[in-house]
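Here's the structure we're looking at; comments come further down.
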Amino acid sequence: MKKKFEMEYSLNTSPGVLFSRLSTASGLSEWFAENVNVSGKFFIFFWEGSQQEAEMIHYKENKSIRFHWIDDDDPKTFFEFRIDHDELTGDSYLFITDFAEDNEKIDAIDLWDSQISELKHVLGL
């Protein structure tokens with residue numbers, strides 16, 4: 001059974017700039033997948049000859065976006081990007097919530113760390 005886990009990353013950028021990289025086809029294709037197609041609330045992600053479709057199940061401008069993988073049988077699982085902004089420092093905090101089996105959690109965290117490293121590169125951080 002998959003269990004929920006959350007990670008936090010500090011990014012020295014504005015919520016608006018960050019959110020555009022998390023919620024648009026062009027933004028997501030810069031760091032998350034090789035290509036992304038969007039049709040309404042459905043996002044198709046392409047990686048090295050494979051593709052996966054997700055439904056956007058929650059959206060709050062410059063705050064959060066949540067997706068559910070279409071091929072995931074568990075309707076309670078999702079992955080979510082949530083932004084918190086510190087007005088004093090100007091930093092944005094990206095919280096990622098995801099689900100993984102116990103034996104896959106470390107690999108999932110490593111993959112997110114790698115993806116966020118790419119996101120930081122794209123943002124010039």
Side-chain angles (χ1 to χ4, degrees):
M1 187 173 130
K2 291 183 177 181
K3 293 183 182 165
K4 182 162 66 167
F5 64 96
E6 186 172 275
M7 294 147 300
E8 176 184 346
Y9 302 92
S10 175
L11 303 165
N12 188 7
T13 189
S14 74
V17 167
L18 181 55
F19 194 73
S20 72
R21 297 305 197 294
L22 308 173
S23 61
T24 64
S26 60
L28 286 162
S29 64
E30 287 185 55
W31 68 278
F32 186 72
E34 289 175 14
N35 196 16
V36 181
N37 290 340
V38 179
S39 178
K41 60 183 181 174
F42 293 95
F43 287 62
I44 303 171
F45 300 93
F46 296 89
W47 296 278
E48 297 174 14
S50 68
Q51 69 182 56
Q52 201 167 4
E53 185 173 358
E55 179 182 4
M56 181 179 54
I57 55 175
H58 171 82
Y59 178 94
K60 189 168 183 186
E61 182 83 31
N62 294 337
K63 291 283 185 197
S64 61
I65 187 164
R66 181 182 291 182
F67 298 94
H68 172 74
W69 293 116
I70 298 297
D71 62 2
D72 192 332
D73 295 333
D74 186 343
K76 295 184 183 101
T77 64
F78 58 86
F79 68 101
E80 178 180 62
F81 302 121
R82 198 174 79 250
I83 300 170
D84 203 8
H85 187 67
D86 186 324
E87 295 294 334
L88 291 175
T89 65
D91 285 350
S92 292
Y93 295 91
L94 174 60
F95 296 91
I96 297 176
T97 303
D98 199 359
F99 288 77
E101 301 285 346
D102 282 339
N103 64 339
E104 297 174 346
K105 183 178 175 185
I106 291 171
D107 288 342
I109 290 171
D110 287 347
L111 180 60
W112 279 116
D113 285 346
S114 171
Q115 297 293 91
I116 296 306
S117 177
E118 184 63 28
L119 174 61
K120 287 179 176 180
H121 178 74
V122 164
L123 291 168
L125 304 177

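Starting from 1, each residue takes its place in the sequence as its number.
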S10 meets the side chain to side chain donor-acceptor pair (under 3.5 Å) criterion, sequence neighbours left out, with none
Closest approach of [X] to [Y] (non-hydrogen atoms, all atoms of both residues):
X: S92; Y: I83; result: CB-CG2, 4.3 Å
X: D98; Y: F79; result: OD1-CB, 3.8 Å
X: N12; Y: G90; result: OD1-O, 4.1 Å
X: E118; Y: E30; result: OE2-O, 4.1 Å

Hey, does the side chain of [X] reach the backbone of [Y] with a donor-acceptor pair shorter than 3.5 angstrom?
X: H85; Y: D91; result: yes
X: E101; Y: M1; result: yes
X: H68; Y: T77; result: yes

Would F67 and I57 count as a side chain to side chain contact (heavy atoms under 4.5 Å, CB included) if you check the C-alpha gap in whole Å, the side-chain angles of each, and the deciding distance to 0.1 Å?
-> CA-CA 6 Å; F67 298 94; I57 55 175; 6.0 Å; no
If you draw a 6.0 Å radius around NE2 in H121, do more than 12 non-hydrogen atoms from other residues or ligands fall strictly inside?
-> no
May I ask you to check whether F19 and Y59 place their ring centres under 6.0 Å from each other?
-> yes
Throw together a table of side-chain donor-acceptor distances under 3.5 angstrom for residues 32-50, partners on residues two or more places apart or in other chains.
residue	atom	partner	partner atom	Å
E34	OE1	E48	N	3.3
E34	OE2	E48	N	3.0
K41	NZ	E55	OE2	2.9
W47	NE1	F32	O	2.9
S50	OG	W47	O	2.9

Starting from the C-alpha separation in whole Å, work towards a yes-or-no answer on side chain to side chain contact (heavy atoms under 4.5 Å, CB included) for D71 and E53.
-> CA-CA 8 Å; D71 62 2; E53 185 173 358; over 6 Å; no
Once the angle between the rings of W31 and W112 is folded into 0 to 90°, is it parallel (under 30°), tilted (30 to 60°) or perpendicular (over 60°)?
-> tilted
